[in-house]
Amino acid sequence: MKTKILLGLLLAGFTSYAQNTTEQYFKLTRAGFKEANAFETTAFVEKYFRVPGNTGFNASIHHVEAILKKAGFVEQKQNEFEAPLTYRIEKRAMKNKTWEPVDASINIIGENQPLITYKTNRNMIPINCVSTPAEGVTAEVVFLEKIIPAELDKMDLKGKILFSENNPSRLLAAAVKAGAIGVLGYSMPKYTQPEIHQSSIQFGSMRANSEVWTLLLSFAAKEKLKVACKKGATKLKVNIETKIYPSEELTVVANVKGSEKSDERFVFSAHVQEPGANDNASGVGTLAEMARLTAELYQSKKINPKRTLTFLWGDEIVSTRRYITEDTTRAKGILWGMSLDMVGEDTKKTGGSFLIEKMPDPSAIWTRGTDKHTEWGAGDVQEKDLFPHYLNDFIFDICKAQGKYANWTVNYNPFEGGSDHTPFLQNKIPGLLMWHFTDVFYHTDNDRIDKVSPTEMKNVGISALTAAYSLISADENMAASTVTQVKDDALVRLKTEFELSKKAIADGKPATEEKHIIEAWSKWYISALATINKMPVKAETTRVGSAIKVATLAIEKQTQAYLEVLK
C-alpha cells in the first residue's frame with residue numbers, strides 16, 4: 001500500500017464501530033473473503049446456458065438469493081431501507097419469449113462418428129434457434145466458398161442445407177428466400193486462435209421466429225465438412241432441440257444501508273446472462289461473496305458504512321441502465337459504479353490479463369506509449385466525451401497495492417465500452433470495469449470452470465470491496481490523501497506524455513498537435529482533482545479545497561514548463 005493512501009488516522013477511543021483507513025479495510029477483506037465460496041457459486045452458474053428468463057438464468061438468480069438470505073439480508077417488503085440489510089428480486093414481464101438449448105448433433109451420412117454435438121459444443125446452437133422435428137432432418141449440404149447473391153439466385157437450394165465459412169447470419173435471408181431448411185456457419189476471431197483451439201465455438205444469436213435454423217461450427221468441424229463436400233455430394237442428418245416459451249426477467253438488488261447518507265451509494269453490477277464460466281459466472285460468484293462478506297462485517301460491527309452499498313445481478317447493461325434511469329431521485333445519489341465482468345480467469349490458461357478499464361481519459365483518444373487497447377477495440381471517444389474523475393487513479397492504486405501484497409499482476413486499458421460500466425458513464429456517473437482480456441476462450445464453449453482461478457476472484461473481490469468501503473465512508477483525511485495521489489499520478493503522466501511528444505516532434509509531428517495532447521491531459525487531471533471535493537461524507541473544513549488548489553497549481557506549473565520546451 002502506498003504511503004500516500006495511508007494518511008487517514010484512527011480515531012482515539014476506538015468504539016465498536018471502527019473509523020477505518022484503507023489499510024484496515026484491506027485487513028478485513030483479505031482475512032474475510034472466501035475464494036472457495038466464490039468458486040462454488042461460479043461452478044453452479046456456469047452449468048447453465050443463461051439467457052434472461054430461462055431456466056439457467058433464473059436458477060442463478062435464486063442461488064444468489066439463497067446466499068444473501070443466509071448472510072442476513074432480509075427480503076424487502078416496503079422499501080429498500082426498512083432494514084440495514086435488504087434484498088429484492090425485481091420481476092418484469094418479457095416482451096419476447098425466452099430461449100434455452102437442450103441438445104443438437106450433426107452427422108455426415110455414411111460416417112460413424114458425429115461431426116459435432118451439443119455435448120461437446122453447447123455454443124453450436126445460436127440463441128433463438130428453433131428445433132428440428134424430433135426425428136431430425138436429412139438433407140444435402142451445399143458448400144458456398146463465396147457468398148454472391150446473384151449466383152445464389154440461380155442455384156437450386158430448396159430443401160438443402162447451406163454451408164459457408166462465414167457467420168450464418170450472412171446467409172439466413174438468402175436461405176429463407178431460396179427455400180433452404182438450414183444454415184451452417186463459422187465465425188471465430190483471430191485472437192481465439194482457432195487453429196490451435198480447434199474445438200472452440202463462440203456463442204451467437206439469430207433472428208427470432210425464423211423457420212430456417214442455423215448452427216455454428218468449430219474450426220475442426222468446418223474443416224472436416226469442407227473436405228467431405230469437396231469429395232462430392234454430401235448429406236447431413238441434423239437434430240436440434242430447443243425450448244422457446246414465455247417467461248419473466250429477474251434482477252436481484254441487495255443493499256447495505258448507509259448510516260449517515262443512505263441516499264448516496266456505490267453500486268456494483270455483475271451480469272448473469274451469457275453461457276461462460278469466466279463470462280460471467282465468475283462475476284456473479286465474486287459479487288455474491290463480496291455481499292456475503294459485507295453482511296458479516298456489518299453484523300459484527302467491523303464496518304459502519306456511512307453511505308449505502310448496492311449489489312446488483314441481472315441482464316448485462318439492460319438491468320444496470322434500468323436501475324439508473326427508472327428512479328431519477330435514486331440516480332442522483334449514485335456516486336460510483338463498477339462492473340465485475342470476467343473477473344476470475346486463470347491467466348496462465350486463458351492468456352488474458354486482469355485489467356481496469358478506465359473512464360474516458362485522453363488515452364482513449366491518443367493511445368500511445370505503454371497504453372494500448374485490447375482486441376475488443378477502441379470506442380469512438382472524442383474530447384467532448386472525456387470524463388475527468390479521481391476514480392481512475394483511486395481504483396488503480398488500490399489494485400496495485402493488492403497486486404504488490406499478493407504478487408498479482410494488475411494492468412489497465414483505455415476506455416472501450418461494452419459492459420455494465422457503460423450505463424453509469426452514459427448517465428454522468430463515474431463507472432469502471434474490472435475484467436480480463438485478451439482471452440483465447442472468450443465467448444467460446446471452452447470457457448469452462450477449469451479456466452477459473454479462485455485466487456484471481458479473491459484478488460478482484462478484495463480490491464473492489466476495499467475501494468468501495470473506503471469511498472462510502474470517506475473522511476477529509478481520505479480525500480486529502482487522494483488529492484496527493486491524483487496530483488502525483490498527474491505529474492507522472494504529464495512527464496510521460498511530454499517525453500512522447502518531444503520524440504514525436506523530433507520525428508516530424510506538428511508541435512501544435514503535441515502541445516494539445518499535453519494540455520488535454522493537464523485539463524483532465526485538474527478537472528479530476530476538483531471532483532475530490534465531493535468525496536468526504538462530511539466536509540468539516542476547507543482542508544480538501546485548499547489541497548486541491550495547491551495540487552492544481554503544481555500541475556499548471558509543470559504543464560507550462562513542458563509547453564515552453566515543445567516549440
Side-chain angles (χ1 to χ4, degrees), residues 4 335-337 356-373 378-397 412-417 421-422 424-433 471 479-505 509-535 542 544-567:
K4 60 192 176 187
L335 301 185
W336 313 274
I356 300 164
E357 179 160 309
K358 299 187 292 180
M359 295 184 293
D361 68 8
S363 69
I365 302 174
W366 300 284
T367 308
R368 57 187 194 166
T370 58
D371 289 321
K372 62 179 180 178
H373 283 286
D380 182 19
V381 178
Q382 302 175 36
E383 286 192 65
K384 64 180 179 60
D385 304 315
L386 297 181
F387 200 126
H389 200 274
Y390 64 83
L391 191 61
N392 275 0
D393 295 276
F394 187 88
I395 298 297
F396 188 45
D397 277 35
Y412 64 85
N413 65 278
F415 176 77
E416 295 173 354
H421 58 315
T422 308
F424 292 108
L425 296 171
Q426 290 172 336
N427 288 277
K428 309 303 180 185
I429 299 167
L432 289 175
L433 167 66
L471 290 172
S481 67
T482 303
V483 171
T484 302
Q485 168 194 329
V486 173
K487 180 205 69 176
D488 290 349
D489 290 343
L491 294 177
V492 169
R493 169 59 76 164
L494 286 171
K495 185 176 187 299
T496 299
E497 296 298 326
F498 167 70
E499 296 296 339
L500 290 168
S501 288
K502 189 166 64 170
K503 183 178 184 303
I505 292 171
K509 292 286 183 70
T512 53
E513 293 182 12
E514 296 304 315
K515 291 170 72 173
H516 180 66
I517 296 173
I518 302 297
E519 290 169 336
W521 273 108
S522 179
K523 180 181 178 182
W524 191 92
Y525 264 110
I526 287 171
S527 297
L529 280 170
T531 65
I532 302 173
N533 252 326
K534 295 182 179 180
M535 179 191 285
T542 60
V544 177
S546 298
I548 290 172
K549 290 180 181 178
V550 172
T552 297
L553 289 172
I555 292 173
E556 289 175 339
K557 181 179 178 180
Q558 189 61 70
T559 300
Q560 190 58 40
Y562 288 147
L563 292 176
E564 289 176 1
V565 174
L566 298 178
K567 295 181 180 178

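As a basis for the values below, the full set of heavy atoms in this structure was taken, side chains included, without hydrogen atoms, waters or symmetry mates.
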| Can we call the ring centroids of His516 and Trp521 under 6.0 Å apart? |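 Between His516 and Trp521, the centre distance exceeds or equals 6.0 Å.
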
| said: Using the ring centroid of each side chain, check whether His389 and Phe394 are separated by less than 6.0 Å. | reply: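 No, the ring of His389 stays outside the 6.0 Å limit from the ring of Phe394, centre to centre.
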
| query | What residues form a side-chain hydrogen bond (donor to acceptor under 3.5 Å, both in side chains) with Thr496, not counting sequence neighbours? | reply |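 In terms of side-chain hydrogen bond (donor to acceptor under 3.5 Å, both in side chains), with neighbours along the sequence ignored, Thr496 is linked to no residue.
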
| request: Go through the structure and list residues passing side-chain hydrogen bond (donor to acceptor under 3.5 Å, both in side chains) with Lys487, not counting sequence neighbours. | output: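 side-chain hydrogen bond (donor to acceptor under 3.5 Å, both in side chains) list for Lys487, sorted by chain: empty.
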
Between [X] and [Y], is there a donor-acceptor pair closer than 3.5 Å when you use the side chain of the first and the backbone of the second?
X	Y	value
Asp385	Gln382	yes
Asp361	Ser363	yes
Trp524	Pro360	yes

Tabulate below the donor-acceptor pairs under 3.5 Å that side-chain atoms of residues 547-566 make, not counting sequence neighbours, or state none.
unit_1, atom_1, unit_2, atom_2, d
Thr552, OG1, Ile548, O, 2.7
Thr559, OG1, Ser522, OG, 2.8
Thr559, OG1, Ile555, O, 2.7

Minimum heavy-atom distance between [X] and [Y], given as atom pair plus value:
X	Y	result
Ile429	Phe387	C-CZ, 3.7 Å
Pro414	Glu357	O-CG, 3.9 Å
Leu432	Lys358	CD2-CA, 3.7 Å
Met359	Pro430	SD-CA, 3.4 Å
Gln485	Asp397	CG-OD2, 3.4 Å
Ser501	Ile518	OG-CD1, 4.0 Å

Straight-line distance of [X] [atom1] to [Y] [atom2], nearest 0.5 Å:
X	Y	atom1	atom2	value
Met535	Thr482	CE	OG1	3.5 Å
Leu433	Ile395	CG	CD1	12.0 Å
Phe396	Asp489	CZ	CG	9.0 Å

| query | Any luck finding a side-chain donor-acceptor pair between His421 and Gln426 under 3.5 Å? | reply |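 Note: His421 and Gln426 side chains miss the donor-acceptor criterion.
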
| said: Can a side-chain donor-acceptor contact be found between Lys372 and Thr367 if the only test is distance below 3.5 angstrom? | reply: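 Absent: no donor and acceptor within the cut-off.
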
| request: Report the C-alpha distance between Tyr412 and Asp371 in whole Å, list the side-chain angles of each, state the deciding distance to 0.1 Å, and finish with yes or no for side chain to side chain contact (heavy atoms under 4.5 Å, CB included). | output: CA-CA 8 Å; Tyr412 64 85; Asp371 289 321; 3.0 Å; yes

| request: Answer yes or no: is there a side-chain heavy-atom contact under 4.5 Å between Leu471 and Leu391? | output: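 Counting from C-beta outward, Leu471 and Leu391 do come under 4.5 Å.
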
| Should Phe415 and Leu425 count as side-chain neighbours, where that means a heavy-atom distance under 4.5 Å? |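 Yes, at least one pair of side-chain atoms sits under 4.5 Å.
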
| Which residues satisfy the ring-ring contact (aromatic ring centres under 6.0 Å, His included) test with His373, sequence neighbours excluded? |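 Listed in chain order: nothing, the list is empty.
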
Could you list the donor-acceptor pairs under 3.5 angstrom formed between side-chain atoms of residues 525-532 and any protein atom two or more places apart in sequence or on another chain?
unit_1, atom_1, unit_2, atom_2, d
Tyr525, OH, Asp393, OD1, 3.0
Tyr525, OH, Asp393, OD2, 3.3
Ser527, OG, Lys523, O, 3.0
Thr531, OG1, Tyr390, N, 3.4
Thr531, OG1, Ala528, O, 2.6

| task | Mind jotting down which residue pairs meet the salt bridge (charged side-chain N to carboxylate O under 4.0 Å, His left out) criterion with at least one end in residues 495-505? Sequence neighbours excluded, please. | result |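 The answer is Arg368-Glu497, Arg493-Glu497, Glu499-Lys502, Lys503-Asp507.
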
